There are 2 protein chains.
Amino acid sequence: MRLMVARCTVDYEGRLQAHLPEAVRLIMIKADGCVAIHADGGAYKPLNWMNAPNTVTEEEGRWLITNPKGESLNVEIHEILSDTKWEMGIDPGLRKDGVEAHLQELLAADPTTLGEELSLVRREFPTDIGPVDLLCRNADGTAVAIEVKRRGEIDGVEQLLRYLERMERDPALRGIQGILAAQSVKPQARVFAESRGIRWVEIDYDSLRGIERAQMSLFD
Amino acid sequence: MRLMVARCTVDYEGRLQAHLPEAVRLIMIKADGCVAIHADGGAYKPLNWMNAPNTVTEEEGRWLITNPKGESLNVEIHEILSDTKWEMGIDPGLRKDGVEAHLQELLAADPTTLGEELSLVRREFPTDIGPVDLLCRNADGTAVAIEVKRRGEIDGVEQLLRYLERMERDPALRGIQGILAAQSVKPQARVFAESRGIRWVEIDYDSLRGIERAQMSLFD
DNA sequence: AGGTGTATGTCGCAT
DNA sequence: ATGCGACGTACACCT
């Protein structure tokens with residue numbers, strides 16, 4: 001990784017055009033050729049950048065970075081304050097323990113937490129446009145498709161509608177209903193869901209996890 | 001801006017849990033307290049980060065960053081290879097050109113560039129599921145809703161369809177038509193739009209800007 | 001503060 | 001490659 005602190009101006013042209021007036025900034029070049037121009041503020045996002053794959057051309061007082069998509073980044077270096085290089089090797093990488101998959105898991109373990117008499121048929125039930133998170137049946141035996149989201153937004157309703165449309169064609173699933181389950185459901189998603197006959201449920205992740213813990217403890 | 005190159009391990013706990021095994025990385029601390037941990041690859045996104053507002057506590061061989069939302073980042077420093085600090089001042093900031101807002105502005109100034117006799121009723125016309133970019137009327141007085149995108153994809157068509165469905169309920173807008181306007185419209189979006197009776201138009205940003213310049217020059 | 005839409009979103013996984 | 005969904009999305013803008 002090369003780190004250069006320099007007074008510079010930058011122009012990007014590609015998906016849009018952007019210009020940075022002269023100022024002191026950090027220019028970071030990673031081993032894979034990625035370039036990022038950072039100011040001393042503004043979260044982790046750089047002011048300008050160019051991701052791999054790209055071509056970095058270094059000239060006197062000027063760097064030109066281009067990529068195969070026709071984007072370009074032109075960095076004019078007016079004064080170099082520091083220029084260092086570091087060997088870091090391949091990073092062992094990040095271990096994540098996510099929430100979404102866990103939510104689906106918890107609801108699969110006990111669909112009745114959605115407030116209805118539901119029994120699980122299967123998780124990730126396949127349709128020809130992708131798997132629906134949970135397929136259940138209610139007390140009447142009616143199929144119920146459940147889309148699980150951390151946050152319930154309009155996209156989630158659209159996604160569920162597409163699944164329902166497909167699943168309705170299956171005689172075994174005829175009359176299928178839909179539920180959007182999320183930790184929070186946005187107002188516009190509520191309006192839209194209701195207008196299409198889809199129910200929505202807000203689920204409390206912490207208490208759900210609490211239930212799981214309580215159930216787990218039975219086996220201790 | 002402080003730049004530290006160090007062998008470290010990192011743990012984040014907040015919206016999820018994440019762990020970074022020991023390795024050499026760049027730790028960047030900006031003037032506003034933002035912290036970002038970068039590996040030598042992988043685009044501009046850091047492996048871990050904590051944005052302002054936050055609290056940075058530096059101890060011997062350990063940094064603890066917390067924020068008011070209850071998230072925390074714990075950086076264990078095992079070996080420091082470099083530790084420098086730079087004054088950059090306030091960045092003059094980025095000038096962007098060619099984003100959706102600008103496109104919308106240009107089209108609002110002259111909707112006839114879409115190739116029809118259109119007159120603007122208003123920008124950001126509100127519906128109960130969000131604002132539609134432009135509401136116009138054509139030569140017949142028929143309402144026309146226009147969704148402006150930099151890139152026309154299926155999402156944009158769906159968004160427009162939702163708006164149209166809502167707006168159709170308003171007697172004053174009955175018979176409303178839809179146009180998707182974008183610098184480029186993906187084939188899938190074209191097919192989908194046409195199948196739903198929505199027109200699509202590709203707009204040439206440069207020439208649109210040229211028209212604006214020409215019109216501006218009338219007032220010079 | 002909360003809602004809504006945009007982003008040079010980025011990133012990963014499937015087809 | 002392209003499409004699609006998730007993201008600790010971040011971010012601006014408006015109420």
Side-chain angles (χ1 to χ4, degrees), chain A residues 10-18 34-37 42-52 54 65 67-73 94 96-101 103-104 124 126 128-133 147-156 158-160 162-163 184-192, chain B residues 11-18 34 36 42-52 67-73 94 96-104 124 126-133 147-151 153-156 158-159 162-163 183 186-189 192:
Chain A
V10 185
D11 282 276
Y12 163 77
E13 186 156 352
R15 282 172 276 189
L16 55 66
Q17 285 161 271
C34 287
V35 179
I37 318 287
Y44 66 71
K45 195 175 178 176
L47 295 163
N48 276 110
W49 69 91
M50 184 82 82
N51 286 348
N54 61 19
I65 303 107
N67 75 7
K69 282 184 281 186
E71 298 171 281
S72 71
L73 193 68
L94 186 65
K96 284 187 186 180
D97 182 11
V99 175
E100 295 62 25
L103 262 183
Q104 192 196 118
E124 303 287 350
D128 55 0
I129 54 167
V132 67
D133 290 336
E147 181 63 32
V148 181
K149 288 263 181 278
R150 197 163 52 79
R151 283 185 267 175
E153 298 179 20
I154 220 155
D155 289 5
E158 296 270 25
Q159 195 179 342
L160 182 51
R162 287 196 296 271
Y163 291 140
S184 71
V185 180
K186 291 277 168 84
Q188 64 166 3
R190 297 180 184 191
V191 171
F192 184 54
Chain B
D11 281 278
Y12 163 79
E13 186 156 351
R15 281 172 273 188
L16 57 67
Q17 284 161 280
C34 288
Y44 69 70
K45 195 175 181 178
L47 294 163
N48 270 313
W49 69 91
M50 186 79 84
N51 286 349
N67 76 6
K69 284 184 280 185
E71 298 171 280
S72 71
L73 193 68
L94 187 65
K96 287 186 187 185
D97 194 10
V99 290
E100 191 202 292
H102 197 206
L103 274 178
Q104 191 195 118
E124 302 289 349
T127 77
D128 58 358
I129 55 166
V132 67
D133 290 335
E147 180 63 32
V148 182
K149 287 266 180 272
R150 204 162 42 75
R151 283 182 285 176
E153 299 177 22
I154 270 182
D155 286 11
E158 286 184 338
Q159 195 177 347
R162 288 196 301 269
Y163 293 141
Q183 287 181 79
K186 291 265 168 93
Q188 278 207 340
F192 184 52

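Note that the structure is a prediction, hence the values are computed from the model and not measured. Chain A is the first sequence line, chain B the second, and so forth, proteins listed ahead of strands; every chain is numbered from 1.
Rounded to whole Å, atom P of dT8(C) lies 12 Å from atom CD of Q183(B). Atom pair M50(B):CE and dA10(D):P shows a separation of 11 Å (rounding to whole Å applied). The CD atom of E158(B) sits 9 Å away from the P atom of dG5(D) (whole-angstrom rounding). Summarising the geometry, the separation between CD on Q188(A) and P on dC14(D) is reported as 17 Å, rounded to the nearest angstrom. Residue Q159(B) contributes atom CD, which lies 13 Å from atom P of dT4(C) at whole-angstrom precision. At whole-Å resolution of the value, CD in E153(B) and P in dC4(D) are 9 Å apart. Between D128(B) atom CG and dG5(C) atom P there is a gap of 11 Å when expressed in whole angstrom units. Taking atom CZ on F192(B) and atom P on dG3(D), their separation rounds to 15 Å, with Å as the unit.
Across all strands shown, R151(A) has heavy atoms under 4.0 Å from sugar-phosphate atoms exclusively, and none from any base. If you check every strand for non-hydrogen atoms under 4.0 Å, G130(B) touches sugar and phosphate atoms only. As judged by a 4.0 angstrom heavy-atom cut-off over every strand, G156(B) is placed among residues making no nucleic acid contact.
With centres under 5.5 Å and a plane angle under 30° as the test, the ring of Y44(B) is not stacked against the base of dT10(C).
The side chain of R15(A) contributes no N or O atom lying less than 4.0 Å from OP1 or OP2 of dT6(C). Put simply, R162(A) has a side-chain N or O that comes within less than 4.0 Å of OP1 or OP2 on dG5(D). Regarding contacts with the backbone of dA6(D), a side-chain N or O of K149(A) is found under 4.0 angstrom from either OP1 or OP2.
dA7(C) sits 13 Å from dC7(D) when the C1' atoms are compared, rounded to a whole Å. Comparing the C1' positions of dA6(D) and dA10(D) gives an interatomic distance of 14 Å, to the nearest angstrom. To the nearest whole angstrom, the two P atoms, one in dT8(C) and one in dT4(C), are 23 Å apart.
Nearest heavy-atom pair across Y44(A) and P46(B) is CD1-CD, 3.3 Å. Summarising the geometry of I154(B) relative to A189(B), their closest heavy-atom pair is N-CB, 3.9 Å, with the distance given to 0.1 Å.
Residues E100(B) and D133(B) form a side-chain contact, since some pair of their non-hydrogen atoms from C-beta on lies under 4.5 Å apart. In this structure, H102(B) and K96(B) have side chains that are not in contact, with every pair of non-hydrogen atoms separated by 4.5 Å or more.
Checked against dT8(C), dC11(D), dA6(D), the side chain of Y12(A) finds its nearest nucleotide in dT8(C). Of the candidates dG8(D), dA10(D), dT10(C), dG8(D) carries the atom nearest the E71(B) side chain, counting heavy atoms from C-beta on. For E100(B), the side-chain atoms get nearest to dT6(C) when compared with the rest of dA10(D), dT4(C), dT6(C).
Where I154(B) and L94(A) each meet DNA chain D at their nearest nucleotide, the meeting point lying more 5' is that of I154(B). Comparing E147(A) and P187(B) along DNA chain D, the residue whose closest nucleotide (by nearest heavy atom) sits nearer the 5' end is P187(B). Residue D133(B) is the one, among D133(B) and A43(B), whose nearest nucleotide of DNA chain C lies closer to the 5' end (criterion: closest heavy atom). Position along DNA chain C of the nearest nucleotide to V99(B) versus K45(B) favours V99(B) as the more 5'-ward residue.
Taking only distance into account, the side chain of N48(A) meets the base of dT8(C) through a donor-acceptor pair shorter than 3.5 Å.
To the nearest 0.5 Å, atom NZ of residue K69(B) and atom CE of residue M50(B) are 9.0 Å apart.
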| message | Between N51(A) and W49(A), is the side chain to side chain contact (heavy atoms under 4.5 Å, CB included) condition met? List the steps. | response | CA-CA 7 Å; N51(A) 286 348; W49(A) 69 91; 3.6 Å; yes
